[in-house]
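Please read the structure below before turning to the comments.
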Amino acid sequence: MLQEALLAWYEGAKRPLPWRGEKDPYRILLSEVLLQQTRVEQAVPYYRRFLERFPTLKALREASLEEVLRVWAGVGYYRRAEHLHRVSQAAETLPRSYEELKELPGLGPYTAAAVASMAFGERVAAVDGNVRRVLARLFALESPTPKALQALAQALLPEEGDPGVWNQALMELGATVCRPKRPLCPACPLGAFCQGQKAPERYPKARARAKREERLAALVLWGRKGVYLEPQKGRFQGLYGVPTFPEEELGARARAFGVEPSYVGEVRHELTHRRLFLRVYAALWEGEGVDPKAKPLPKLTEKVLRQAEAFLAHAGVVPFQDA
DNA sequence: AATGCGGGGTC
DNA sequence: GACCCAGCATT
């Protein structure tokens, strides 16, 4: 039986993770949101830090969004933090059913199913990228639709036993054995059932994606107590950063701040669908500014600030941190 | 169905 | 470089 083979394998092969066997719905929710498009190894330290600072839904509710983002800073997809914060403020406790969970901000079909099955024992299949790949190979499907995958996964879900454990077992198989590249088919507990084993890398077919270039300028205003930071809109929403804009606007921006900036270098930064290319300018500034360490910053802004700081140090300017 | 949204590991 | 990760919201 396929189900028994997978579960037996899982018991012996599962990686020890901080949220294994967790029953607290809040902690399960946090782990699942952190794991959205994020590798397990990358999520673990943030999971620990987050719980240290916000151990309960109540603690999260009583915090400001900015405090939450300060802990989230660095892991990416910052709307997840905002959604989580909104969830904490929406109700005293989390709803217990898949259908209700799916209505919460930041919870889609996968996360709602994961929480419903792991925290509340609901028999609903959680289909993430791992499960998608496992099922595509198991049934030799090149382009399965989300609907078809959900139906397949639901049909496979055992009628007895812990549905949360089952969902995790399927994902664990995808993460460690049925990997995107070089799957370990000889070690797979489902080998006897798999129709895609002859050419596993054909399933599912990869989707093409474009990566566009974006050229911008960044202006670092170096004040007495820190730098000028503004809340970011759109990209990096909720975090802070130095002003960035198309390079043609540099003159106008500099005039508006009453400074004459120097070019201090360039910064490249890659996002999933964008290649950012920033020319960085810096100037000493009459304003006070704020200490960047006190604000949640995207990695891009950290790079820009390092570039400016290196230039200014070379020019003999004492960084405000040491003032 | 397609696109935007981070950051990082891997080959 | 390209790919992709325990996805979601928006259009």
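Lettering of chains follows the sequences in order, A, B, ..., and the numbering in each one begins at 1.
Considering only side-chain N and O atoms, A:His269 lies nowhere under 4.0 angstrom from the phosphate OP1 or OP2 of B:dG6. Look at A:Lys181 and you won't find any side-chain N or O under 4.0 angstrom from OP1 or OP2 of B:dT10. Residue A:Gln37 places at least one side-chain N or O closer than 4.0 Å to OP1 or OP2 of C:dG7.
Using a 30° and 60° split on the angle between ring planes, A:Phe50 and A:Trp72 fall in the perpendicular class, above 60°.
As a whole-Å value, the separation of A:Tyr110 OH from C:dA9 C1' is 18 Å. Across the protein-nucleic acid pair, A:Leu173 atom CG and C:dC5 atom C1' stand 16 Å apart, rounded to whole Å. In this entry the distance linking NZ of A:Lys102 with C1' of C:dG7 reads 14 Å, nearest Å.
Closest-nucleotide positions on DNA chain B for A:Tyr78 and A:Thr145 were compared, and the one nearer the 5' end corresponds to A:Thr145. Summary of the strand contacts: A:Arg182 and A:Pro298 both lie near DNA chain B, and taking for each the nucleotide with the nearest heavy atom, the more 5' one is attributed to A:Pro298. Across the interface with DNA chain C, nearest-nucleotide mapping of A:Met118 and A:Gly106 shows A:Met118 to be the residue nearer the 5′ end.
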*Are A:Tyr110 and A:Gln36 close enough, and set up right, to give a side chain to side chain donor-acceptor pair (under 3.5 Å), and what steps lead you there?*
CA-CA 9 Å; A:Tyr110 166 73; A:Gln36 288 169 3; over 6 Å; no
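For A:Ser143, the side-chain contact (heavy atoms from CB on, under 4.5 Å) partners at least two apart in sequence or on another chain are A:Lys205.
No contact: A:Arg268 has no heavy atom under 4.0 Å from any strand. Note on A:Glu172: a base of the nucleic acid sits closer than 4.0 angstrom, heavy atoms only. Using a 4.0 Å heavy-atom cutoff across all strands shown, A:Leu17 reaches at least one base atom of the nucleic acid. Contact annotation for A:Ser31: no contact, since no heavy-atom pair falls under 4.0 Å across all strands. If you check every strand for non-hydrogen atoms under 4.0 Å, A:Arg235 touches sugar and phosphate atoms only. Nucleic acid contact class of A:Arg133 (heavy atoms, under 4.0 Å, all strands): sugar-phosphate only. Using a 4.0 Å heavy-atom criterion, one finds that A:Val33 contacts no nucleic acid atom at all. Here A:Leu107 lies in heavy-atom contact (under 4.0 Å) with sugar-phosphate atoms only. At a threshold of 4.0 angstrom between heavy atoms, the contacts of A:Trp72 with the nucleic acid are absent. When heavy atoms are screened at a 4.0 angstrom cut-off, A:Gly174 is found touching no nucleic acid atom at all.
In this structure, the nucleotide among C:dG1, C:dG7, C:dA9 sitting nearest to the side chain of A:Arg275 is C:dG1. Closest to the side chain of A:Met171, out of B:dG6, C:dA6, B:dG7, is C:dA6. For A:Tyr77, the listed nucleotide lying nearest its side chain is B:dG6; candidates were C:dC8, B:dC11, B:dG6. The side chain of A:Pro109 has C:dC8 as its nearest neighbour among B:dG4, C:dC8, C:dG7. Nearest to the side chain of A:Thr111, among C:dC5, C:dG7, B:dG8, sits C:dG7.
For the C1' atoms, the distance linking B:dC5 with C:dC4 amounts to 15 Å, nearest Å. Taking atom P in both C:dT10 and B:dG6, one finds a spacing of 15 Å when rounded to whole Å.
A:Leu138 has its side chain within reach of A:Phe193: a pair of non-hydrogen atoms, C-beta onward, lies under 4.5 Å apart.
The base of B:dG6 sits with one of its N or O atoms less than 3.5 Å from a complementary donor or acceptor on the side chain of A:Thr38.
Under a cutoff of 6.0 Å and an axis angle of 45°, A:Arg133 and A:Tyr203 do not form a cation-pi pair.
Results of the salt bridge (charged side-chain N to carboxylate O under 4.0 Å, His left out) test with A:Glu214 over A:Arg268, A:Arg275, A:Arg235 single out A:Arg235 as the only residue that passes.
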